[in-house]
Student: 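One structure is given below, represented as structure tokens, and several questions about it will come after.
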Amino acid sequence: MARLVDQRSRIYAAVETWKRQCLLDDSSVFGAGAIWTLRHAEELIRDFVDRPDMGDRSFEEKLRDQLSSSSAGAIELAAEMLWVMMLFPSNLKMNRKLELIRTVWDWSGTPLSDPNRMLEVLEAGIGSGGMGY
């Protein structure tokens, strides 16, 4: 039980860092500058939300096509949004979580830096809503 509590505290601390650096300061958990901005969010709405891909391909393939005209900052925002989402599932292995975040970040053409060691927090999760989630 102590390990589970420790993992949850690490996740809660990471969420606090995310809230402060991203939601309040428009910055980045990975130290990439101002990526949590209205402009980048609007790009993601235009390129992802407003252009659903219902094809029979993997999530990454469809997302890459959808973000092909997005700016580097919007792609980095998409990767950080995935990082936030990956804090919660306990039914995904850390390697898969890291692969997904790094893959999307790489599309921006900028190297992923992790000065705050925020990727390490993905080792565990809080729970899983299952496939329906």
Side-chain angles (χ1 to χ4, degrees):
M1 185 65 167
R3 181 168 161 72
L4 179 60
V5 170
D6 181 54
Q7 291 297 330
R8 286 184 178 169
S9 346
R10 291 178 63 205
I11 292 169
Y12 297 152
V15 169
E16 281 299 315
T17 299
W18 169 70
K19 179 181 80 173
R20 185 181 64 257
Q21 289 180 203
C22 301
L23 299 183
L24 299 177
D25 295 339
D26 295 338
S27 189
S28 162
V29 291
F30 299 126
I35 64 171
W36 286 79
T37 65
L38 178 60
R39 181 174 63 93
H40 293 142
E42 287 173 339
E43 275 187 74
L44 291 182
I45 291 169
R46 179 195 71 211
D47 297 339
F48 177 73
V49 177
D50 292 343
R51 290 179 41 211
D53 185 337
M54 306 305 276
D56 188 25
R57 298 181 298 150
S58 72
F59 171 74
E60 289 96 330
E61 290 171 318
K62 295 188 280 186
L63 184 62
R64 184 176 182 122
D65 285 350
Q66 289 169 303
L67 301 182
S68 64
S69 63
S70 300
S71 69
I75 294 169
E76 291 167 1
L77 174 59
E80 285 205 9
M81 288 177 160
L82 286 168
W83 173 83
V84 172
M85 291 171 50
M86 292 298 122
L87 290 172
F88 299 96
S90 57
N91 62 335
L92 288 176
K93 295 196 182 296
M94 183 175 180
N95 288 342
R96 176 60 184 135
K97 294 175 182 183
L98 294 175
E99 176 187 25
L100 180 59
I101 293 163
R102 287 184 173 137
T103 296
V104 174
W105 190 282
D106 285 348
W107 300 337
S108 75
T110 307
L112 176 61
S113 173
D114 188 17
N116 299 319
R117 302 172 66 164
M118 299 301 268
L119 292 171
E120 293 176 9
V121 179
L122 298 174
E123 181 181 350
I126 292 174
S128 173
M131 290 298 290
Y133 176 70

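This is a predicted model, so every value here is computed, not measured. All residue numbers refer to positions in the sequence shown, counting from 1.
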Student: Do the non-hydrogen side-chain atoms of Leu98 and Leu122 ever get within less than 4.5 Å of each other?
Tutor: yes

Student: Between Lys97 and Glu123, does at least one N-O distance fall below 4.0 Å, as a salt bridge requires?
Tutor: no

Student: Can you tell me how far the CG atom of Asp50 sits from the CD atom of Gln66, to the nearest 0.5 Å?
Tutor: 10.5 Å

Student: Of all the heavy-atom pairs spanning Ile35 and His40, show the shortest one and how long it is.
Tutor: O-ND1, 2.9 Å

Student: Could you tell me whether Glu61 and Arg64 have a side-chain N and a carboxylate O separated by less than 4.0 Å?
Tutor: no

Student: Once you round to the nearest 0.5 Å, how far does OG1 of Thr110 lie from CD of Glu76?
Tutor: 4.5 Å

Student: Enter the distance from Met94:CE to Leu92:CG here, rounded to the nearest 0.5 Å.
Tutor: 12.5 Å

Student: Is Glu42 salt-bridged to Arg39, cutoff N-O under 4.0 Å?
Tutor: no

Student: Side chain to side chain contact (heavy atoms under 4.5 Å, CB included) for Val104 and Trp83? Distances and angles first, verdict last.
Tutor: CA-CA 10 Å; Val104 174; Trp83 173 83; over 6 Å; no

Student: Are the side chains of Ser28 and Met118 in touch, meaning some heavy atoms are under 4.5 Å apart?
Tutor: no

Student: Any chain of hydrophobic side-chain contacts (each under 4.5 Å) joining Leu38 to Ile45?
Tutor: no

Student: So, for Leu44 and Met81, which heavy atoms are closest and what is the spacing to 0.1 Å?
Tutor: CD1-SD, 3.8 Å

Student: For Glu60 and Thr103, test the side chains for any donor-to-acceptor distance below 3.5 angstrom and give the result as yes or no.
Tutor: no

Student: Quick check: do Val15 and Leu87 have side-chain heavy atoms less than 4.5 Å from each other?
Tutor: yes

Student: Say whether Thr37 and Asp26, considering side chains only, have a donor N or O and an acceptor N or O under 3.5 Å apart.
Tutor: no

Student: Hey, could you give me each pair passing ring pair (Phe, Tyr, Trp, His ring centres under 6.0 Å) that has a residue in residues 104-125? Not counting sequence neighbours.
Tutor: Phe30-Trp105

Student: Closest approach of Glu120 and Arg10, non-hydrogen atoms and distance?
Tutor: O-NH2, 3.3 Å

Student: Out of curiosity, Tyr12 OH to Thr17 OG1, how far, rounded to the nearest 0.5 Å?
Tutor: 15.0 Å

Student: For Asp53, enumerate each residue passing the side-chain hydrogen bond (donor to acceptor under 3.5 Å, both in side chains) test, keeping only those at least two apart in sequence or located in another chain.
Tutor: Arg57

Student: Can you see which heavy atom on Trp36 is nearest to which on Ser27, and at what distance?
Tutor: CD1-O, 2.9 Å

Student: What is the minimum heavy-atom distance between Leu67 and Ile75, and which atoms define it?
Tutor: O-CD1, 3.8 Å

Student: To the closest 0.5 Å, what do you measure between CH2 (Trp18) and CG (Leu24)?
Tutor: 10.0 Å

Student: I need the minimum non-hydrogen distance between Arg51 and Asp47, along with the two atoms involved.
Tutor: CB-O, 3.5 Å

Student: State the CG-CD1 distance between Asp114 and Ile101, to the nearest 0.5 angstrom.
Tutor: 9.5 Å

Student: Between Leu77 and Glu43, is any pair of side-chain heavy atoms under 4.5 Å apart?
Tutor: no

Student: Could you check whether any side-chain heavy atom of Arg102 comes within less than 4.5 Å of a side-chain heavy atom of Leu119, counting everything from C-beta outward?
Tutor: yes

